[in-house]
Amino acid sequence: MKITIGFLSAFALADDIEKADVFSSYDSHSIDVELIDNEIVTNPYSESWIFFSDDSPFASWYHSSRLIFVDAQNGNYSISYVEIFPKNFKSDYEEISLADRPDPLAMESTAFVPDPEKVVSNYNYALIV
């Protein structure tokens with residue numbers, strides 16, 4: 001059942017799947033979703049799978065994200081636009097798709113070598129005005 005629901009919800013995420021991080025609830029829920037900032041998002045169905053889409057995964061929080069509720073009975077879905085992640089996010093949701101990550105830059109540099117002739121002093125102070 002979960003695979004079918006996940007397939008149906010892909011229609012809501014089809015254009016964004018490579019740009020967003022998407023997570024799915026481990027179980028279907030009949031309760032509302034409480035966000036980390038204590039805001040409550042109403043679950044529009046009596047029983048639904050919940051998908052969380054972080055639409056800007058490289059940004060700090062309070063940016064556009066979505067909670068997608070998929071009705072467990074018939075596959076209808078409803079989207080709620082939010083700006084922060086759900087409470088218990090790490091324990092109640094599983095990663096199903098991550099945005100493409102850029103390759104890290106390899107930077108060449110020289111290692112720091114202290115100057116052996118420099119005298120260390122315990123009397124160095126700075127005055128900030």
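These figures come from a predicted structure and were not determined experimentally. Residue numbers run from 1 in the order of the sequence given. Quick note: numbers below take in every heavy atom, side chains included, and nothing from hydrogens, waters or symmetry partners.
- Within the model, atoms OG of S25 and CD1 of I68 stand 11.5 Å from one another, a figure rounded to the nearest 0.5 Å.
- Scanning both residues, S28 and W49, for their nearest heavy atoms gives N-CZ3, 3.4 Å.
- Between the N43 side chain and the H29 main chain, a donor and an acceptor come within less than 3.5 Å of each other.
- Here the two rings, on F89 and F52, have centers that are under 6.0 Å apart.
- Put simply, the side chain of S46 does not reach to within 4.5 Å of the side chain of S30, judged on heavy atoms.
- Residues K19 and P57 share a closest heavy-atom pair of O-CD, 3.5 Å.
- Distance check, rounded to the nearest 0.5 Å: CD of E83 to CD1 of I36 gives 15.0 Å.
- One finds the OH atom of Y81 at 9.5 Å from the OG atom of S64 (value rounded to the nearest 0.5 Å).
- In terms of heavy-atom proximity, S80 sits nearest to F69 at OG-CE1, 3.8 Å.
- Residues S48 and D71 fail the side-chain proximity criterion, which asks for heavy atoms closer than 4.5 Å.
- Here OG of S53 is found 9.0 Å from CD1 of I96. Values are rounded to the nearest 0.5 Å.
- S65 meets the side chain to side chain donor-acceptor pair (under 3.5 Å) test with no other residue; sequence neighbours excluded.
- Each of W61, F23, Y93 was scored for a ring-ring contact (aromatic ring centres under 6.0 Å, His included) with F85, with one residue passing: W61.
- Side-chain contact check for V70 versus F51: some heavy-atom pair is nearer than 4.5 Å.
- Here the side chains of I50 and V33 are in contact, with some heavy-atom distance below 4.5 Å.
- Applying the side chain to side chain contact (heavy atoms under 4.5 Å, CB included) rule to F58 yields the partners R101, P102; only residues at least two apart in sequence or on another chain are considered.
- Between the side chain of D21 and the backbone N or O of A99, at least one donor-acceptor pair lies under 3.5 Å.
- Side-chain contact between I40 and L35 is absent, with no heavy atoms from C-beta onward closer than 4.5 Å.
- Of the candidates D55, V82, D54, D55 is the only one forming a side-chain contact (heavy atoms from CB on, under 4.5 Å) with R66.
- Cluster membership check: V41 shares its hydrophobic cluster with Y62, using side-chain heavy-atom separations under 4.5 Å among Ile, Leu, Val, Met, Phe, Trp and Tyr.
- Sequence neighbours left out, the pairs with a member in residues 33-42 that pass salt bridge (charged side-chain N to carboxylate O under 4.0 Å, His left out) are E34-K87.
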